[in-house]
Amino acid sequence: MRLSNNLMYQSSVNSILKNQQNVNKAQEQVNTQKRVLTASDDPSATARALLYTDKIQTNEQFSKNITMLTSRLNIQESVLENIKLSLEKAHTLAIQAGNGAYSDIDRQGIAEEIKSIQSNVHDLMNAKTEDNKYIFSGYQDNTQTYSFNSTSSKYEYGGDQGQHKIKVAEGVEIKSSDNGFDVFEKVNARLNLTSNDGVASGGITSAKVYVKEQAEFDAFHKASYNADPNAVAGANTYNVITTVGTPNTYQVEQGGNIIESGSFDNGTINFAGMEIDISPVASGQVDFTLEAPQKENILNTLSDLIAGLTDTTINQDDYEQVLADAMTQIDNAKNNVSLTQAGLGGRLNTTEKVTDSNSDRDVNNKASRADLVELDMAEAITELTKQETALQASQATFGRLANLSLFDYL
């Protein structure tokens, strides 16, 4: 093939352009610190790097979710701690109210303190998140958690039993809230009788039945109460049959079966933590019925306590029952809050562990992606130097060829 000047020029120019492209690519690799600039540079590495990028971006979202979750759990922890402190104060005041030397004015002063505590607890139970959602309303977080029903004169729960969850890792969701039904509505009321007025018959014209030893009565109630909805009528009614003599005797029956028997004086019978007072002391029968286990939220418990403290007509036995109800139910409410806090603390610990795991995974993903597409700087600088040298050689060669003519060969 015959070489012409035009062909030599074109070949030299093409060589220079190619070397310039190589230099530009090497320069861009050094500037961006990336080995793969386009998918065509290494299709396989690019595809795998995109998978790692997706994982890294997903992990970034998990980190944002964890930040939100931690914030909400910390807010809830603070609210629950303040509720518990308020309940501890109310419990102390209930004990203080049992002082027999206190006058009606003293009791009213305690009632005012408890009203303030009740208002504070009510506000805390209606606490909101940073985005103005009610913490304890479950899925109904736009609905106020607790409100006062003027018709029933009771505080009522307005939420549901739902629990929000936040995804913090693949396959891992953690509850970001606790609903008020579980925290405040599942509080056990004090075990008691359906009425403190016993049903008297025979020679007995009136009778009062009060729980005096709560622990003993609780054990009896838990062992004896028949919760079967199909149980026969009177399954939880007990008959105390008295016989006047020397001594006066009694026996407690349930469904015709004798549960206990003994003697008594001065018209007072003590049985299973209960004190049964009969009038007159005569042969006869007193019936009492065990109340079904109840649940009561703390706001209504405090309302009942306030009512008892401000009732100037209440007798001492009934007043003591009001205090016993309040102290037991406040203590149960406090324990329920503590159990919720324990579960919340467990979720915070889990969140910390997931955060560490996500961080380790993020480091591994970024390292794997770097191995695929990022640059070895020493190798890249060497490549850049080589391409610059090749470009310089092409340019020098072109300069020499440009000065050649036919007379150079003659």
Side-chain angles (χ1 to χ4, degrees), residues 94-104 107 188-226 233-294 296 301 304-305 307-329:
I95 295 173
Q96 184 180 336
N99 189 328
Y102 275 20
S103 65
D104 290 343
R107 292 177 180 178
N188 292 326
R190 184 173 76 105
L191 295 176
N192 208 340
L193 306 167
T194 57
S195 174
N196 295 122
D197 294 315
V199 179
S201 59
I204 303 172
T205 58
S206 67
K208 288 287 186 178
V209 186
Y210 289 101
V211 176
K212 295 292 186 177
E213 298 294 334
Q214 193 66 46
E216 185 179 354
F217 176 77
D218 286 352
F220 170 72
H221 192 290
K222 291 173 183 177
S224 306
Y225 184 78
N226 188 338
N236 292 299
T237 298
Y238 289 77
N239 317 115
V240 182
I241 301 170
T242 61
T243 303
V244 173
T246 308
N248 299 327
T249 61
Y250 73 91
Q251 64 183 32
V252 180
E253 297 182 359
Q254 204 290 313
N257 299 314
I258 298 174
I259 306 299
E260 183 175 298
S261 60
S263 60
F264 68 97
D265 295 315
N266 303 320
T268 300
I269 299 169
N270 293 300
F271 165 67
M274 292 172 281
E275 188 176 278
I276 306 165
D277 294 316
I278 62 174
S279 179
V281 177
S283 297
Q285 181 172 316
V286 176
D287 300 336
F288 66 85
T289 303
L290 300 180
E291 184 181 44
Q294 305 289 322
E296 187 61 272
T301 295
D304 293 340
L305 176 57
L309 288 168
T310 54
D311 185 355
T312 57
T313 64
I314 194 170
N315 64 49
Q316 185 61 29
D317 284 329
D318 288 337
Y319 179 68
E320 289 176 359
Q321 294 301 299
V322 169
L323 295 181
D325 284 345
M327 286 187 284
T328 298
Q329 288 159 211

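By convention here, the first residue in the shown sequence is residue 1.
Across all their heavy atoms, D304 and V322 have their closest contact at O-CG1, 3.9 Å. When all heavy atoms are compared, the tightest approach of N226 to A235 is ND2-CB, 3.9 Å. Smallest separation of non-hydrogen atoms from A207 and A200: N-CB, 4.5 Å.
Residues L309 and Y319 are in side-chain contact: their nearest non-hydrogen atoms beyond the backbone lie under 4.5 Å apart. Looking only at side-chain heavy atoms (C-beta outward), P293 and L191 come within less than 4.5 Å of each other. Taking 4.5 Å as the limit, some side-chain heavy atom of V286 sits within range of a side-chain heavy atom of I204. For the pair N270 and F264, the minimum side-chain heavy-atom distance is 4.5 Å or more. Proximity of T194 to L290: side-chain heavy atoms (C-beta onward) are nowhere separated by under 4.5 Å.
Remark: D311 does not engage R107 in a salt bridge, criterion side-chain N to carboxylate O under 4.0 Å. A salt bridge links D197 and K208; the closest N-O separation between the charged side-chain nitrogens and carboxylate oxygens is under 4.0 Å.
Annotation: the span from N99 atom CG to L323 atom CG amounts to 11.0 Å, rounded to 0.5 Å. Going from atom OG of S261 over to atom CD1 of I241 covers 11.0 Å, rounded to the nearest 0.5 Å. To the nearest 0.5 Å, atoms OG1 (T268) and NZ (K212) are separated by 10.0 Å. Between atom CD1 of residue I278 and atom OG of residue S206 there is a gap of 9.5 Å, rounded to the nearest 0.5 Å.
Screening residues 199-221 for ring-ring contact (aromatic ring centres under 6.0 Å, His included) gives F217-H221, F220-Y238, F220-F271, H221-Y225 as the qualifying pairs, with residues at least two apart or on separate chains.
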Taking it one step at a time, do T301 and Q329 satisfy side-chain hydrogen bond (donor to acceptor under 3.5 Å, both in side chains)?
-> CA-CA 7 Å; T301 295; Q329 288 159 211; 2.9 Å; yes
Evaluate side chain to side chain contact (heavy atoms under 4.5 Å, CB included) for M327 paired with R190, printing each intermediate quantity in order.
-> CA-CA 9 Å; M327 286 187 284; R190 184 173 76 105; over 6 Å; no
Check the pair E275, D277 against side chain to side chain contact (heavy atoms under 4.5 Å, CB included), reporting the backbone distance first and the verdict last.
-> CA-CA 6 Å; E275 188 176 278; D277 294 316; 3.5 Å; yes
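Although no hydrogens or angles enter the test, the distance criterion places no donor-acceptor pair under 3.5 Å between the side chain of Q214 and the main chain of T328. Between the side chain of E213 and the main chain of V211, no donor-acceptor pair closer than 3.5 Å is present. Between the side chain of T242 and the main chain of G284, a donor-acceptor pair closer than 3.5 Å is present. Under the 3.5 Å distance criterion, the side-chain polar atoms of T205 are matched with a main-chain donor or acceptor of S279. Distance alone, capped at 3.5 Å, places no donor-acceptor pair between the D318 side chain and the N315 backbone.
Of the candidates V240, N196, I269, V209, V209 is the only one forming a side-chain contact (heavy atoms from CB on, under 4.5 Å) with M274.
Side-chain contact check for T289 and T237: at least one donor-acceptor pair (N or O, by modelled atom type) lies under 3.5 Å. N239 and D287 form a side-chain donor-acceptor contact under 3.5 Å, judged by distance and modelled atom types alone.
For N266, the CG atom is loosely surrounded, since the number of other residues' heavy atoms within 6.0 Å does not exceed 12.
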